[in-house]
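What follows is a short report on a single structure.
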Amino acid sequence: MTLLTTHDLGVALAGRTVLTDVSLSLSAGHLVALVGPNGAGKTTLLRAIAGLVPSTGAVHILGDALAALSLRERAKRFAYLPQGHVVHWPLPARDIVALGRFPHGVTDPARMTGRDIEAVSRAMQAADVAEFAERRVTELSGGERSRVALARVLAVEAPVILADEPVASLDPRHQIDVMQTLRSAADGGTLVIVVTHDLGLAARFADQVLVLSAGRLIAQGAPADSLSDQVMREVFRVSAYRAEYQDEAVIVPWADV
């Protein structure tokens, strides 16, 4: 089922064109990796999809025009995990995760309904942070805080998750844990769009890879097609080592070309 479409989406910031004519049709239950060189417009595309920056063209979610939705309705449909998410408040991790229920009317974690409590609990279990529930988030490690931030996004229970570099600065084990969590969310019917610079993780976990370069969509499709030798050479300026391990694709950027 097509869940999200964009048509000729464009963004200009401070007089500079950042995105040009990006058209997409994305389905529920898919994990989509958004990749490209630094400055390609990846973060801007996520923010434009969610209506967080002015744009031209059109975005539709569940058949509704984004421009026609209230801010609260947008917040119910898009769960956004920004790049470098940092929490400065010394609140218990559970209260941070409970912020994900704000679009549903929860303004005080102490006054959640049974449904809200269950949503927060499921999210914390999925992100493997239930053991931190009562600990102040400022006392957690960087990796632990990242997983709490991911749990907050899961607690929204939105049909679309937009995650901007959720594995940046994590060790390999936690990178895989986060991607497996997002993969599980997609398998449960959510559309997950993940910005990442790790082409290996993109190839392994994504159903579809979108390649941006200089604000334009250069390639989209299955990982092996989007990350072809030609794209790797022309967009990323590298060659790639390719293999298969445990029935999963392996793509490793290898050398300058």
Under a single-linkage definition using a 4.5 Å side-chain heavy-atom cutoff for Ile, Leu, Val, Met, Phe, Trp and Tyr, are Leu212 and Met232 assigned to the same hydrophobic cluster?
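No; tracing contacts between hydrophobic side chains, which count when under 4.5 Å, never links both residues.
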What closest approach, in Å, do [X] and [Y] show between heavy atoms, and which atom pair accounts for it?
X	Y	value
Ala202	Ala33	CB-CB, 3.7 Å
Leu182	Val192	O-CG2, 3.7 Å
Ala98	Val120	CA-CG2, 3.8 Å
Tyr80	Arg47	OH-CG, 3.5 Å
Leu199	Leu227	O-CD1, 4.1 Å
Gln220	Leu210	CB-CD2, 3.5 Å

If I take atom CG from residue Leu62 and atom CZ from residue Arg77, how far apart are they, to the nearest 0.5 angstrom?
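Separation between the atoms: 5.0 Å.
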Beyond-backbone contact of Val53 with Val18, side-chain heavy atoms, under 4.5 angstrom:
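Val53 does not reach Val18 side chain to side chain.
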Find out whether Val129 and Arg94 are in side-chain contact, i.e. whether some heavy atom of one side chain is under 4.5 Å from a heavy atom of the other.
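A side-chain contact under 4.5 Å is absent here.
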Does Arg136, at its CZ atom, have more than 12 non-hydrogen atoms belonging to other residues, nucleotides or ligands within less than 6.0 Å?
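No - once you tally the heavy atoms of other residues, nucleotides and ligands closer than 6.0 Å, there are 12 at most.
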Under 3.5 Å, is there a donor-acceptor pair linking the side chains of Asp187 and Ser184?
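Judged by distance alone, the side chains do not pair up.
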Identified side-chain contact (heavy atoms from CB on, under 4.5 Å) partner of Val167 from the options Val194, Asp177, Ile176, Val178
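For Val167, the side-chain contact (heavy atoms from CB on, under 4.5 Å) test succeeds with only one of Val194, Asp177, Ile176, Val178, which is Val178.
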